[in-house]
Amino acid sequence: MLLQTPRARLRRLLRPGGPSPLDGRTVLVTGASSGIGEATAREVARCGASVLLVARRAEELARVAGDITSTGGRATTYVCDLTDSDALDALVEQVLAEHGAVDYLVNNAGRSIRRSLDLSYDRFHDVERTMAINYFGPVRLTLGLLPAMRAQRFGHVVNILSWGVQLKAPKFSAYLASKTALDTWSRIAAREAYGDNVTFTNMRFGLVRTAMVAPTEAYDGLPAMSAEEAAARVVRALEDRPVVWNIPIGVAGELVGFVAPRLMDAVMWRLDQRTNNSAAASGQDAAS
Ligand SMILES: NC(=O)c1ccc[n+]([C@@H]2O[C@H](COP(=O)([O-])OP(=O)(O)OC[C@H]3O[C@@H](n4cnc5c(N)ncnc54)[C@H](OP(=O)(O)O)[C@@H]3O)[C@@H](O)[C@H]2O)c1
């Protein structure tokens, strides 16, 4: 569900198939080494943008950038652990020195943890590490890039969030709280930056078939977008700059949760009873 701005609707009407607003722009995509971020980086480059790819795995970034440049696109890689504040500040400094203001920022890098409450009592670090990559990292990066965006009076930030911020799905308390924090922070930042033509889109995705969801057996067989389909939505959001992008079930869940919160608790409790923790979440996987 894309709430288009009147300007975007007019642009599509007047120039169907015309050049993308991303053409000639600089777009920074975090988590560009796999999944939605990789597909987004490829699509943004196809639109004519110079794409800056950020993630930890240097070889994967080089693979994606190599593919982009070999087909005539423009791509630069930056290896950075976005949970490392010093590394992130150095990244901002380097990007601004090499490219000047970034026009578009996609806060995509993230980590999901699906673990029930009863397995989480002695795992406060789940809360800390989801906040580190899903909230503190993107906020610090956005704060670093915002002054140059505001000074040039153009900028757009897309946050890759989850329908879970609306559904408040069981077993995702740490993950969804961190995504909700970014959602809320960005809505308020958007109000303050509005007069400088710097805007934000919060995208609440449903299930996307990527490496992130692979360990969760409960998702096997459920309908899901491909990373490429998700990337097409991200590019559309970059071009049209809507305030929010939702899928209908997220909106429906939010409405029912607002009108009948206790009923929603009961429904979610019952659904929760019917699904197990994954093997990884139960502790068999040391990295989980
Ligand atoms: N898949 C879904 O169903 C779904 C649904 C809703 C929202 N999302 C969100 O979509 C985003 C992308 O996820 P995905 O599904 O495409 O999974 P993915 O393929 O696992 O991608 C995650 C990306 O984040 C990067 N990343 C993780 N930790 C990082 C760190 N500390 N510093 C820098 N980069 C880091 C990873 O790169 P490196 O490992 O190379 O650092 C990777 O490129 C996430 O924010 C996720 O929460 C996914």
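In listed order, ligands and their atoms are each counted from 1. Here, residue 1 is the first one in the sequence, and each next residue gets the next number.
For ligand 1 and Phe205, the ligand atoms under 4.0 Å from any heavy atom of the residue are 6 (C). Listed by number with element, the atoms of ligand 1 under 4.0 Å from a non-hydrogen atom of Asp81 are 30 (C), 31 (N), 32 (N). Each of the atoms 22 (C), 24 (O), 27 (C), 44 (C), 45 (O) of ligand 1 lies under 4.0 Å from some heavy atom of Gly110. Remark: ligand 1 atoms within the under-4.0 Å shell around heavy atoms of Gly35 are 16 (O), 19 (O). Below 4.0 Å from some heavy atom of Ala109 lie the following atoms of ligand 1, by number and element: 24 (O), 25 (C), 26 (N), 34 (N), 35 (C), 45 (O). Set against the non-hydrogen atoms of Leu82, the atoms of ligand 1 under 4.0 Å away are 30 (C), 31 (N), 32 (N), 33 (C). Heavy-atom proximity to Val213, at under 4.0 Å, picks out these atoms of ligand 1: 1 (N), 2 (C), 3 (O). Residue-ligand proximity, Thr83 to ligand 1, at heavy-atom distances under 4.0 Å covers atoms 31 (N).
At a heavy-atom cutoff of 4.0 Å, ligand 1 is contacted by both the backbone and the side chain of Ile36. With a 4.0 Å heavy-atom cut-off, ligand 1 is reached by the side chain of Lys179 but not by its N, CA, C or O. At a 4.0 Å heavy-atom cut-off, ligand 1 does not touch Trp163 at all.
Side-chain rings of Tyr194 and Phe200 stay apart, their centers remaining 6.0 Å or farther from each other.
Summary of contacts: the protein heavy atom closest to atom 14 (P) of ligand 1 is Thr210 OG1, 3.5 Å. Counting only heavy atoms of the protein, atom 12 (C) of ligand 1 lies nearest to Asn108 OD1, 3.1 Å. Distance from atom 25 (C) of ligand 1 to its nearest protein heavy atom, with residue and atom name: Gly31 CA, 3.6 Å. Taking atom 18 (P) of ligand 1 as the reference point, the nearest protein heavy-atom neighbour is Ser34 OG, 3.5 Å.
Backbone and side-chain nitrogen or oxygen atoms of Arg111 are examined, and none is located within less than 3.5 angstrom of a nitrogen or oxygen of ligand 1. At a 3.5 angstrom cut-off on N or O pairs, Leu207 does not count as close to ligand 1. Among the atoms of Asn134, none of the N or O lies under 3.5 angstrom from an N or O of ligand 1. For ligand 1, the polar-atom distance check against Val208 finds a nitrogen or oxygen pair separated by under 3.5 Å.
Taking 4.0 Å as the cut-off between side-chain N and carboxylate O, Glu43 and Arg46 count as a salt-bridged pair. Taking a cutoff of 4.0 Å between a charged side-chain nitrogen and a carboxylate oxygen, Arg63 and Glu38 qualify as a salt bridge. Taking the charged nitrogens against the carboxylate oxygens, Asp81 and Arg56 have no contact shorter than 4.0 Å, which rules out a salt bridge.
A cation-pi contact, defined as under 6.0 Å to the ring centre and within 45° of the axis, is absent between Arg140 and Tyr135.
Contact detail for Val165 and Leu176: the closest heavy-atom pair is N-CD2, 3.9 Å. Counting all heavy atoms, side chain and backbone alike, Thr69 lies closest to Ala75 at CG2-N, 4.0 Å. In this structure, Ala62 and Thr77 approach most closely via the heavy-atom pair N-CG2, 4.3 Å. Taking each heavy atom of Gln152 and Asp103 in turn, the nearest pair found is NE2-OD1, 2.9 Å. Here the shortest heavy-atom pairing between Ser186 and Asn202 reads CB-OD1, 3.8 Å.
Nearest-heavy-atom check against atom 6 (C) of ligand 1 across Thr130, Ile160, Leu161 picks out Leu161. When the options Ala55, Ser178, Ser33, Ala41 are ranked by their closest heavy atom to atom 43 (O) of ligand 1, first place goes to Ser33. Closest heavy-atom approach to atom 28 (N) of ligand 1 among the candidates Arg56, Glu60, Met212: Arg56. Considering Gly206, Ser112, Ala230, Ala224 only, the shortest heavy-atom separation from atom 4 (C) of ligand 1 involves Gly206.
Cys80 counts as a contact of ligand 1, since one of its heavy atoms falls under 4.0 Å from the ligand. Within the structure, the closest approach of Tyr175 to ligand 1 falls below 4.0 Å when heavy atoms are considered.
Under a hydrophobic clustering in which Ile, Leu, Val, Met, Phe, Trp and Tyr are joined whenever their side-chain heavy atoms come within less than 4.5 Å, directly or via other members, Leu207 and Phe172 fall into the same cluster.
Checking Arg153 against Asn197 by side-chain atom types alone, no donor-acceptor pair falls below 3.5 Å. With hydrogens and angles left out, the side-chain atoms of Arg129 and Asn134 include no donor and acceptor closer than 3.5 Å. If you check the side chains of Ser278 and Glu217, you find no donor sitting under 3.5 Å from an acceptor.
Separating the OG1 atom in Thr199 from the OH atom in Tyr104 is a distance of 8.0 Å, to the nearest 0.5 Å.
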